[in-house]
Amino acid sequence: ALLRAGDSVVPVAAGKRVQIESTGESSVAASAAAGAVLVAAAAASTVGTRAVGRTSRPCGLLRSTRVRATTAPAVQCRAIATMEKPDVLEGFQTDSNYNVPAGVVAKLGKNLLLEEKHPLGVLWKALKEYFANSVDGGFHFYDQERPIVDTVSNFDNLRLPPGHPGRSPSDTYYVNADTVLRTHTSAHQCAHMALYPEVKSFLCAGDVYRRDEIDASHYPVFHQCEGVRLFDATTMSSEEIQADLKKTLEGVAAHLFKIEIGENTMRWRDDYFPFTEPSFELDIFYEGDWLEVLGCGVVHPEVLQNAGLDPKKVQGWAFGIGLERIAMVLFGIPDIRLFWSDDPRFSKQFNEQSFANKITFKPFSKYPPVKKDISMWIPDDFVDNDLFEMIRDEGGDQVEKVDLMDDFTNKKTGRRSKLFRVTWRDMSRTLTNEEVNTKHEIVLQRIVKELSVELR
């Protein structure tokens, strides 16, 4: 049911609330009541009725409410109103901030990097071998840290203060107010740097989680590799550390893409990251175009301090690289969803020697798409990621992409409208219009109730 015991429906015009009472586990009667209220909510939607959750708004799938003719609490996120929230996730107590959909929870513990024949596992092995054999520093390798971390490690230690956009529930999956699914492997950086001088250099790789747009190169779960090398600051200047950083990463890029190091094949650009200063991006010229490969820089003094190190005594460099992005280029994989596919037509194309043998993915049959449009007037606090998450939650990997087709503001009323086109395409079979229509209608019902939009 889209509503459960404890959820409420707020008829805006009437200013009344219908509450489904329950004192324990959802019963058949409570579920039936929830269904009845949902039907009533849908029927009343044309006169301003919205289904809302229970209490405060912590987690971003639903934005803060606008002024209503009711004293009802702010709209709660889908985590409470329309998603089954576990009491505990992977040993961590959940609370009202919980906003992790079941499809993302199912990815926890998959450990694709540890599968030697998986393209991500193949790439991770290639990186480890290069740093072990071609880079000085005695690198340590970490790839089994738990992906659920505290907000201090994920944000504060990396100079991402409260109020930073990256901490928004529209971008980040929260388990509770102080615990998230890591948004980058940098969440472990301070913990590993704190082991200095026993550990002076390391790579840390793993699955990371972010709410994002829907297309062939974005997915709520992907993999990163974080690299750090620390030096005695009394013997290495910042300029020398920068030179070592660039030399090392140029060697990595040359190894991965089998290209020569030079001005015509590689270029450095100044950039900004909160956790490094100065910061850089490395691009390579590959197959006729410039390709962004990674971001990096000299570790910021405050980050060193957060790891318990004295910046006057210890300095270093750090980099981060997205593994799916590199694997898609190296192996010619056209759709990020394929990394999670159990289809043997995909998995059997790769083995432990795929990097060495320069294996290129051979596409199999592509099934026809089913396209559905969503045109709506949106509230001022509408966030695209909230819509994308809702579509992905209902459609899973059957949703290939969501494109913004139109965005305009009515000059007379000041109201803003957006039109999105949702492309549904299963990678293993043909979808029927009927089954897509069923899911699409659920999406439409949800965005009206949960995102306070008005369909056009």
Side-chain angles (χ1 to χ4, degrees), residues 59-61 78-79 83-84 86 89-92 94 98-115 118-124 127 142-149 151 153-155 166-175 179-188 204-226 320-329 331 333-343 346-347 350 384-402 426-427:
C59 57
L61 232 174
R78 172 169 162 74
M83 177 191 302
E84 188 65 31
L89 179 67
E90 300 286 321
F92 293 88
T94 64
Y98 185 85
N99 68 340
V100 189
V104 171
V105 172
K107 300 295 192 294
L108 293 170
K110 290 295 185 180
N111 295 324
L112 298 185
L113 287 183
L114 305 184
E115 296 183 16
H118 191 281
L120 293 176
V122 172
L123 179 56
W124 174 226
L127 281 167
Y142 303 100
D143 56 16
Q144 297 189 53
E145 285 92 348
R146 299 183 70 179
I148 302 179
V149 300
T151 53
S153 299
N154 198 77
F155 299 123
R167 301 178 74 135
S168 166
S170 288
D171 287 356
T172 297
Y173 293 112
Y174 279 81
V175 177
T179 311
V180 298
L181 302 190
R182 63 187 173 201
T183 61
H184 41 205
T185 47
S186 304
H188 306 286
C204 175
D207 45 335
V208 299
Y209 300 77
R210 295 182 194 171
R211 300 175 64 176
D212 212 335
E213 57 194 284
I214 303 176
D215 59 30
S217 60
H218 292 86
Y219 201 75
V221 191
F222 57 104
H223 295 75
Q224 281 187 342
C225 173
E226 173 94 1
I321 186 170
L323 298 183
E324 273 89 347
R325 193 163 185 271
I326 302 302
M328 291 175 79
V329 174
F331 301 125
I333 298 171
D335 194 316
I336 195 170
R337 294 177 296 169
L338 285 165
F339 289 106
W340 297 92
S341 173
D342 293 326
D343 194 321
F346 175 77
S347 59
F350 301 96
D384 290 0
N385 273 1
D386 295 343
L387 171 68
F388 300 151
E389 190 69 18
M390 199 169 293
I391 294 172
R392 182 180 271 124
D393 195 21
E394 297 299 340
D397 286 353
Q398 290 182 336
V399 181
E400 181 176 78
K401 62 179 180 176
V402 178
D426 196 291
M427 292 184 290

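In this chain, numbering begins with 1 at the start of the sequence shown. Values in this document were obtained by computation on a predicted structure and should not be read as measured data. Heavy-atom basis, side chains included; hydrogens, waters and symmetry copies ignored.
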Between atom [atom1] of [X] and atom [atom2] of [Y], what is the distance when rounded to the nearest 0.5 Å?
X      : Y      : atom1 : atom2 : result
Glu90  : Leu181 : CD    : CG    : 9.5 Å
Thr183 : Asp212 : OG1   : CG    : 11.5 Å
Tyr219 : Ser217 : OH    : OG    : 13.5 Å
Leu123 : Phe331 : CG    : CZ    : 6.0 Å
Leu89  : Thr179 : CG    : OG1   : 10.0 Å
Gln224 : Glu324 : CD    : CD    : 9.5 Å

Pairwise side-chain contact, [X] with [Y], heavy-atom cut-off 4.5 Å (strictly under):
X      : Y      : result
Leu127 : Leu323 : yes
Tyr209 : Val180 : no
Val399 : Phe388 : no

Of all the heavy-atom pairs spanning [X] and [Y], show the shortest one and how long it is.
X      : Y      : result
Leu120 : Ala327 : CD2-CB, 4.2 Å
Thr172 : Gly166 : OG1-O, 2.7 Å
Ala216 : Pro334 : CB-O, 3.5 Å
Pro101 : Glu389 : CG-OE2, 3.0 Å
Thr185 : Cys225 : OG1-C, 4.0 Å

side-chain contact (heavy atoms from CB on, under 4.5 Å) involving Glu145 - partner list, sequence neighbours excluded: Tyr142, Arg182, His188, His192, Cys204
Residues His223, Asp207; criterion side chain to side chain contact (heavy atoms under 4.5 Å, CB included); working and verdict: CA-CA 4 Å; His223 295 75; Asp207 45 335; 3.7 Å; yes
Result of checking Asp384, Asn385, Asp386 against Ser170 for side-chain hydrogen bond (donor to acceptor under 3.5 Å, both in side chains): Asp386
Intermediate values then yes/no, side chain to side chain contact (heavy atoms under 4.5 Å, CB included), Glu115 and Phe350: CA-CA 11 Å; Glu115 296 183 16; Phe350 301 96; over 6 Å; no
side-chain hydrogen bond (donor to acceptor under 3.5 Å, both in side chains) between Trp340 and Asp397, intermediate numbers included: CA-CA 9 Å; Trp340 297 92; Asp397 286 353; over 6 Å; no
Donor-acceptor pair, side chain of His118 and main chain of Leu113, under 3.5 angstrom: no
Main-chain N/O of Tyr174 paired to Asn99 side chain as donor or acceptor, under 3.5 Å: yes
Derivation and outcome, side chain to side chain contact (heavy atoms under 4.5 Å, CB included), residues Glu400 and Arg337: CA-CA 8 Å; Glu400 181 176 78; Arg337 294 177 296 169; 3.5 Å; yes
Chi angles and distances behind the side chain to side chain contact (heavy atoms under 4.5 Å, CB included) call for Phe222, Val208: CA-CA 5 Å; Phe222 57 104; Val208 299; 3.4 Å; yes
